[in-house]
Amino acid sequence: MTAAQPSRTPRSPAVRELGMKATLLFPTREIAEQFYLPLIYTACRTCYSELEPQDIFERATTGRVASDKQQDLIRRVIESGHGSTIEHIVFTFAITGVTRTLSHQLVRHRAGVAFDQQSQRYLDYKRPSYMVPGTITDAPPELRERFVAEMDDSLAFYGEMLAAGIPGEDARFVMPNATRTNLIMTANLRALIHMSGLRLCTMAQWEIRRLFQLIRHEVFSVSPFLGSFLAPKCVPLGYCDEDRNRDEHCPIRPHKDNVLAAWAEKRTAAKKAGRDLPTL
Ligand SMILES: Cc1cc2nc3c(=O)[nH]c(=O)nc-3n(C[C@H](O)[C@H](O)[C@H](O)COP(=O)(O)OP(=O)(O)OC[C@H]3O[C@@H](n4cnc5c(N)ncnc54)[C@H](O)[C@@H]3O)c2cc1C
């Protein structure tokens with residue numbers, strides 16, 4: 001028997017406690033179970049049925065259409081990319097203790113998602129806090145101590161400026177990217193799958209990757225079926241399209257260059273054997 005090979009997948013940020021949380025505020029498990037599948041099913045089925053949507057919904061919520069039948073249709077529709085059907089349901093998360101580095105990345109998502117974030121203008125922080133990245137926690141003590149001293153100095157200076165009458169909206173200019181913040185985020189399922197595809201990818205920055213691991217965990221807790229669609233983008237694609245993974249150091253899926261090269265090889269071999277394969 002051979003010893004288990006260590007995984008080559010880039011290390012997950014989940015191994016560290018980062019002091020951040022993602023809490024699903026809505027829906028509850030009961031609401032998700034009772035309404036979410038039927039809502040998506042109704043959206044999908046309406047396209048192909050003479051029944052009126054309210055009748056389809058009634059049949060789905062009362063169990064006249066079995067939930068595995070609903071799931072089967074929903075899975076096929078999602079895999080075919082008919083995304084509007086999954087815009088009818090939303091998930092609302094309380095996101096706390098993340099850094100401004102993360103929030104700047106998160107709010108770049110525009111379609112199908114809404115954010116409200118703790119304001120550094122309107123709130124005069126009594127105790128702003130910050131995150132120490134794992135690489136700095138593990139760094140030589142003098143570097144780590146200098147980082148902590150710099151953060152503490154900046155945030156102490158922030159407090160001094162407030163005390164001297166400088167408005168919070170100006171005093172905050174000394175706050176570091178490591179400063180923690182809170183947000184509320186509501187996303188429809190289509191947006192959530194898209195965002196997860198990008199942010200669960202091992203090429204994503206570790207803190208936002210960790211956030212989406214927490215988000216996936218929360219969605220799973222109310223609906224394992226819907227949670228299963230939150231995956232790195234290479235999983236539904238079947239290949240990796242990240243330029244920085246041409247060397248396939250992340251092995252979750254083969255890089256598209258290699259998939260295309262394998263196809264070209266197959267086509268050449270088929271040609272030699274007198275057969276023609278469809279062109280690339
Ligand atoms: C690993 C990684 C590295 C990154 N590095 C950088 C960086 O160095 N610098 C930087 O500035 N950003 C960077 N980004 C952010 C990135 O460029 C996007 O802004 C961010 O991921 C939001 O995704 P999105 O554009 O798909 O927007 P979303 O709002 O999530 O949009 C979802 C989808 O809707 C469609 N859509 C949305 N808005 C429009 C529109 N106006 N017109 C047409 N279609 C639209 C698109 O198909 C889009 O993919 C990075 C992101 C990742 C994941």
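From a predicted model like this one, the values you see are computed outputs, not experimental measurements. Order of listing sets the numbers, starting from 1, for every ligand and every atom in it.
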For [atom], is the nearest protein heavy atom closer than 4.0 Å?
atom	result
atom 42 (N) of ligand 1	no
atom 11 (O) of ligand 1	yes
atom 4 (C) of ligand 1	no
atom 20 (C) of ligand 1	yes
atom 16 (C) of ligand 1	no
atom 53 (C) of ligand 1	yes
atom 26 (O) of ligand 1	yes
atom 46 (C) of ligand 1	no

- [ ] List the closest protein heavy-atom neighbour of atom 9 (N) of ligand 1: residue, atom name, distance to the nearest 0.1 Å.
- [x] R108 NH1, 4.5 Å
Task: Shortest protein contact, atom 1 (C) of ligand 1 (heavy atom only) - done: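 For atom 1 (C) of ligand 1, the nearest protein heavy atom comes out as M203 O, 3.9 Å.
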Task: Option nearest atom 33 (C) of ligand 1 (shortest heavy-atom distance, choices Q205, R199, R209, H194) - done: H194
- [ ] Pick whichever of K233, M195, H109, R110 has a heavy atom sitting closest to atom 39 (C) of ligand 1.
- [x] R110
[X] (side chain) donor-acceptor with [Y] (main chain) under 3.5 angstrom:
X	Y	value
R180	G19	yes
N245	C250	yes
R144	A139	yes

TODO: Report the residue from T23, L24, L25 that forms a side chain to side chain contact (heavy atoms under 4.5 Å, CB included) with T92.
DONE: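 Testing each of T23, L24, L25 against T92, the sole residue satisfying side chain to side chain contact (heavy atoms under 4.5 Å, CB included) is L25.
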TODO: Go through the steps for Y36 and F91 under the test ring pair (Phe, Tyr, Trp, His ring centres under 6.0 Å), then give the verdict.
DONE: CA-CA 10 Å; Y36 271 25; F91 294 85; 5.5 Å; yes
Open item on the list: Looking only at the side chains, is there a donor atom on one of Q118 and Y125 sitting less than 3.5 Å from an acceptor on the other?
Closed with: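 Yes, a side-chain donor-acceptor pair sits under 3.5 Å.
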Open item on the list: Could you tell me if T101 and E207 have a donor-acceptor pair between their side chains, going purely by distance under 3.5 Å?
Closed with: no
Open item on the list: Is it the case that ligand 1 has an N or O less than 3.5 angstrom from some N or O of A111?
Closed with: yes
Open item on the list: Please check whether E242 reaches ligand 1 - meaning an N/O of the residue sits under 3.5 Å from an N/O of the ligand, judged on distance alone.
Closed with: no
Open item on the list: Which residue in the set K233, K256, H255 passes side-chain hydrogen bond (donor to acceptor under 3.5 Å, both in side chains) when paired with D241?
Closed with: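 Looking at K233, K256, H255, the match for D241 under the side-chain hydrogen bond (donor to acceptor under 3.5 Å, both in side chains) is K233.
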Task: ligand 1 atoms in contact with L198 (distance to a heavy atom under 4.0 Å) - done: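 Atoms satisfying the 4.0 Å criterion: 21 (O), 23 (O), 53 (C).
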Task: Charged N-O contact under 4.0 Å between D55 and R59 - done: no
Task: Distance (rounded to the nearest 0.5 Å) between T137 OG1 and L143 CG - done: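 Rounded to the nearest 0.5 Å, the OG1-CG separation comes out at 11.0 Å.
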- [ ] May I ask whether Q105 places a heavy atom under 4.0 Å from ligand 1?
- [x] no
